[in-house]
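Values in this document were obtained by computation on a predicted structure and should not be read as measured data. Within every chain, numbering begins at 1; the chains are lettered A, B, ... in the order of the sequence lines, protein sequences first and strands thereafter.
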Number of protein chains: 2
Amino acid sequence: MGTLRIMEDEVDRLIEAWRRERPDLDVAPMEVLSRVSRLARHLDRARSQAFDTHGLESWEFDVLAALRRAGTPYQLSPGKLLKETLVTSGTMTNRVDRLTARGLVERLPDPHDRRGVLVQLTPAGRDKVDAAMADLLTHERALLGGLSDDDQQKIARVLRELVRPFDLEKH
Amino acid sequence: MGTLRIMEDEVDRLIEAWRRERPDLDVAPMEVLSRVSRLARHLDRARSQAFDTHGLESWEFDVLAALRRAGTPYQLSPGKLLKETLVTSGTMTNRVDRLTARGLVERLPDPHDRRGVLVQLTPAGRDKVDAAMADLLTHERALLGGLSDDDQQKIARVLRELVRPFDLEKH
DNA sequence: CATTTTTATCTTGACGTCGAGATACTCTAG
DNA sequence: CTAGAGTATCTCGACGTCAAGATAAAAATG
C-alpha cells in the first residue's frame with residue numbers, strides 16, 4: 001500500500017521554509033492559524049467579486065447587511081452600526097454619507113434623542129442587500145462544495161471554540 | 001441525561017438574525033466561513049499586539065519575515081517581495097523606504113540586472129524578526145491552547161482543502 | 001435648577017494602500 | 001545590430017480608514 005499523498009498548499013511552503021531556517025522553533029500553530037488568515041484574505045476577494053455583480057462594494061454590503069439583519073423598520077443608529085461592523089465613527093460617517101448619496105440608506109432624526117440619528121434602509125437598499133446576500137451564499141456554498149456536512153459541522157465547532165475567547169474579552 | 005450545552009459566539013447571533021429575517025435562505029456556509037473571517041480579524045489584532053513588544057508593525061514583520069525565510073544572505077527583489085506579501089509595487093516601494101530609514105533592511109543594486117534591486121536584511125533587521133517570530137508563535141500557541149493535537153491536525157487538513165483552490169488558480 | 005459627566009455624532013488631518021503611468025533596462029526576432 | 005516587446009522598479013494622485021478632537025444634547029449629581 002502506498003502513502004496517502006496529501007497535496008501541498010502555500011502554507012506548507014511557508015512552514016517548510018521556517019522549519020529550514022529556524023529548526024529551533026515549533027511552528028505547528030501556523031498549520032492552523034496561517035491558513036485561517038490566508039483563507040480569510042481569499043474570501044475577501046471572492047466576496048468582492050460576488051458583490052461586483054450587484055454594483056456593491058464589500059463595505060457597502062457590511063453596512064446594509066447590518067441594517068437588514070435588524071429587521072423592520074431596518075433602522076440602526078450610527079453607534080450600533082459601528083459596533084456591528086467594527087469600524088470607527090469617522091469611517092461610519094463617511095460610509096453613511098456615501099450610501100445616502102447612492103440612495104441606499106437615509107438619515108432620520110432619532111425621535112427620542114435629539115443628539116441621535118437613525119440610519120434606515122431604503123427600499124432600493126433592501127433589494128440590493130437581499131439580492132447580494134443570496135448571491136454571496138451561493139458562492140460560499142460552492143467554496144465549501146468539497147466538504148462533507150460532517151466535516152463542516154466539525155470545523156464550525158472548532159472555529160467557534162477558537163473565536164469565543166475574543167468575543168468574550170471585549171467590553 | 002441533559003443536553004450538551006454549546007456556548008454561543010457572535011456568529012451564532014449573526015446567523016440567528018439572518019434565519020429570522022430570511023428564512024428562505026440556507027445560511028449554513030456562514031457557520032464556517034464567517035467564523036474564518038472573524039477569527040482572522042481577531043488574529044490580526046493579536047499579531048499587532050505581539051509585535052508591539054518589539055516595536056514592529058505587522059506590515060514590517062511581513063516584509064522582514066519574507067526576507068528571513070529566504071535564508072542567507074536574506075536578499076529578495078522587490079518583485080519577489082510583493083508576491084510573497086500580496087501587496088502592490090507602489091506599496092512595496094514605500095515599505096522598503098521606511099524599513100531602510102529604520103535600518104532594518106538595505107537596498108543593493110542587483111549585480112545581474114541593472115534594472116533590478118535587491119532588498120537585504122540588516123543584522124538588526126534579522127535580530128528583530130527572529131525575536132518577533134518566536135514571540136508570535138508563543139502567542140499563537142496560547143490561542144490554540146484549548147485544542148487537542150488531533151483537532152489541530154484535523155482542522156489544518158480541512159483548511160488546506162479549502163485554501164488550495166485559491167492557491168492553484170493563481171499561476 | 002446649575003454644574004459636571006457621559007453619550008452620540010461629526011470634522012479633520014495624517015497615513016498606508018492602490019493602480020495607472022513613467023522610466024530604465026533586458027530580451028527576442030528578424 | 002536594431003526595433004519592439006517584455007520586465008523591474010519607482011512616482012504620484014485618489015481614496016478609505018483611523019484617531020483625536022469638536023460640538024451638541026442627555027443624564028447624573030448635589
Tell me: [atom1] of [X] to [atom2] of [N], nearest whole Å?
X	N	atom1	atom2	answer
A/Arg95	C/dC10	CZ	C1'	16 Å
A/Leu81	C/dA8	CG	P	13 Å
B/Asp97	C/dC15	CG	P	15 Å
B/Leu76	D/dA8	CG	C1'	14 Å
B/Arg41	D/dT17	CZ	C1'	14 Å
A/Leu82	C/dT7	CG	P	14 Å
A/Asp62	D/dG16	CG	P	15 Å
B/Met92	C/dG19	CE	C1'	15 Å

Notebook entry, point to check: For the side chain of B/Arg115 and the base of D/dT7, is some donor closer than 3.5 Å to an acceptor across the two?
Noted result: yes

Give a yes/no on whether any side-chain N or O of [X] is located under 4.0 angstrom from OP1 or OP2 of [N].
X	N	value
B/Thr93	D/dC10	yes
A/Arg107	C/dC10	yes
B/Arg114	D/dA8	no
A/Thr91	D/dC18	yes

Below 4.0 angstrom, N of the basic side chain to O of the carboxylate: do [X] and [Y] qualify?
X	Y	answer
B/Arg164	A/Asp12	no
A/Arg35	A/Asp9	yes
A/Glu31	A/Arg19	yes

Checklist line | 5'-most by nearest nucleotide on DNA chain C - B/Ser89 or B/Asn94 | finding: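 The residue closer to the strand's 5' end, by nearest nucleotide, is B/Asn94.
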
Notebook entry, point to check: Got more than 12 heavy atoms from elsewhere within 6.0 Å of CZ, B/Arg114?
Noted result: no

Margin query: Can you confirm whether more than 12 heavy atoms, excluding those of A/Arg107, are under 6.0 Å from its CZ atom?
Written below: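 More than 12 heavy atoms, drawn from other residues, nucleotides or ligands, come within 6.0 Å of this atom.
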
Margin query: Need to verify one output field. Residue with the more 5' nearest nucleotide on DNA chain D, B/Asp110 or A/Asp113?
Written below: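 In this pair, the answer is B/Asp110.
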
Margin query: If you assign each of A/Arg98 and B/Gly79 to its closest nucleotide in DNA chain D, which residue comes earlier from the 5' end?
Written below: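 Whichever sits nearer the 5' end wins; that is B/Gly79.
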
Margin query: By nearest atom, which of the nucleotides D/dC10, D/dC18, C/dC10 is closest to the A/Val87 side chain?
Written below: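 Selected nucleotide: D/dC18.
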
